[in-house]
**Student:** 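The structure under discussion is supplied below as structure tokens; questions concerning it will follow.
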Amino acid sequence: MNSNTNIPFLDLVAPHVELEQELTDVFKKALCSAGFIGGPMVEEFEKAFAEFCETKYCAAVSSGTDALRFALMACGVKARDVVVTVPNTFIATTEAISQAGAVPEFVDIDERTYNMDPAKLREYLETHCSVDASGKLTSLRNGLPVTAVIPVHLYGQTADMDPILELAEQYGLVVIEDACQAHGAEYYSQRYGRWMKAGSIGKAAAFSFYPGKNLGACGEAGATITNDPVLAAKVKMLRDHGQAKKYYHDVEGYNGRLDAIQAGILHTKLGHLAKWNFQRRDHSAEYRRLLKTANCGVFPPYEPSWSKPVYHLYVVRVENREALMDHLRSVGIGTGIHYPIPLHLQKAYASLSYQAGDFPVAERVASGTLSLPMFPQLTPEQQARVVQEVYSFNRATVSAEQVA
Ligand SMILES: *Cc1c(COP(=O)(O)O)cnc(C)c1O
């Protein structure tokens with residue numbers, strides 16, 4: 001296969017080449033001021049990102065994992081608390097829980113949205129927890145207090161937040177959104193009667209600016225956003241060794257600050273994010289059209305009426321995943337699996353004592369989904385070729401089955 005017809009899963013070079021001049025200027029500006037960590041470039045980015053997310057405050061930190069850990073700690077999640085989340089996510093979600101000293105517990109996902117199923121959350125709260133006279137919620141698994149829930153807005157689509165907020169209110173849980181894949185995604189809340197940006201719905205939210213995310217730094221970066229000034233101040237202390245004033249440490253904190261260069265780069269790229277997200281949505285519509293026409297046994301993602309996803313990933317449901325992936329690889333098309341092993345079955349969480357079969361939907365999704373190439377600069381010709389190759393693979397498989 002000729003290399004110039006290869007279609008990468010993700011193209012990180014094109015957007016940076018496109019913005020080379022602006023990004024180089026950021027670097028020069030940082031060199032001239034020698035303000036490398038924190039400072040005005042970080043503060044300006046924080047202001048702009050909070051505005052983009054329609055929240056009041058943003059604390060930029062060194063990664064999405066730190067953003068989530070600091071959000072949990074600032075919200076009062078303590079050591080030996082239980083935090084509820086989903087098994088279909090990147091491990092950073094549960095790492096942040098563990099790093100805050102808490103214990104993750106899982107509820108299954110919705111078969112159509114791939115995100116937290118509010119009915120499963122309700123079932124967990126009603127049948128896997130006890131409530132004492134004071135209203136304190138205790139997990140029956142381990143006898144620990146359940147204090148927070150992290151819905152993950154996976155692949156760029158928000159979880160169904162209204163019923164999650166309602167349950168959280170009823171059971172006194174803090175809601176922290178993992179919006180690390182959902183910069184700019186929107187959710188229509190019946191509760192608030194308006195479209196809301198991912199990250200502006202719960203008590204606080206975490207974003208990652210890992211290079212491959214919809215908004216990515218040229219290195220590691222993240223941010224916590226919130227409408228609560230006290231929470232924002234706490235996150236800013238946690239990221240900076242527990243100090244609000246230099247060498248006056250109110251608590252022990254971390255080194256979780258953001259570099260000025262990364263903040264400047266993110267601020268520049270933020271100016272293009274709405275357009276890039278729009279392009280991703282456009283590509284998703286094109287894939288949907290092509291896949292429907294091809295009728296090749298590959299099912300596009302479900303887009304509920306309350307959701308405006310930003311397609312961080314374009315995840316389709318397939319049969320014969322491994323063979324399809326091999327075929328696409330052999331013709332120069334990159335794909336990915338997000339994620340092959342649900343967290344409750346990862347070796348790292350053997351000590352949580354979950355078993356295969358505990359979260360059947362997450363397990364089915366882990367073995368039957370494939371992420372197709374998705375990035376703003378993807379062309380309609382490339383998309384047509386991806387679907388053409390999926391179609392020919394399917395045709396070959398069907399006729400092989402007929403022969404056998
Ligand atoms: C990327 C990601 C994170 C962690 O972000 P880092 O910046 O890599 O630390 C957390 N949760 C989800 C769902 C992610 O995709």
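Since this is a predicted model, take the numbers as computed values, not measurements. Counting starts at 1 for both ligands and their atoms, following the listed order.
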**Student:** Do His312 and Tyr155 come within less than 4.5 Å of each other through their side chains, counting heavy atoms only?
**Tutor:** no
**Student:** So what's ligand 1 close to, N/O to N/O, under 3.5 Å?
**Tutor:**
from     : atom 1 : to     : atom 2 : distance (Å)
ligand 1 : 5 (O)  : Ser208 : OG     : 3.2
ligand 1 : 7 (O)  : Gly64  : N      : 2.8
ligand 1 : 7 (O)  : Ser208 : OG     : 2.6
ligand 1 : 9 (O)  : Gly64  : N      : 3.3
ligand 1 : 9 (O)  : Thr65  : N      : 2.9
ligand 1 : 9 (O)  : Thr65  : OG1    : 2.5
ligand 1 : 11 (N) : Asp178 : OD1    : 3.3
ligand 1 : 11 (N) : Asp178 : OD2    : 2.8
ligand 1 : 15 (O) : Gln181 : NE2    : 2.8
ligand 1 : 15 (O) : Lys213 : NZ     : 3.0

**Student:** Ring centroid separation for Tyr354 and Tyr349, is it under 6.0 angstrom?
**Tutor:** no
**Student:** Not counting sequence neighbours, list each pair that qualifies as a side chain to side chain donor-acceptor pair (under 3.5 Å) and has a residue in residues 29-58.
**Tutor:** Glu46-Arg239
**Student:** Please list all pairs meeting salt bridge (charged side-chain N to carboxylate O under 4.0 Å, His left out) that have one or both residues in residues 97-113, counting only residues at least two apart or in different chains.
**Tutor:** Glu111-Arg317, Glu111-Arg364
**Student:** Apply ring pair (Phe, Tyr, Trp, His ring centres under 6.0 Å) to His267 and list each qualifying residue two or more places apart in sequence or on a separate chain.
**Tutor:** none
**Student:** Ring centroid separation for Tyr314 and Tyr287, is it under 6.0 angstrom?
**Tutor:** yes
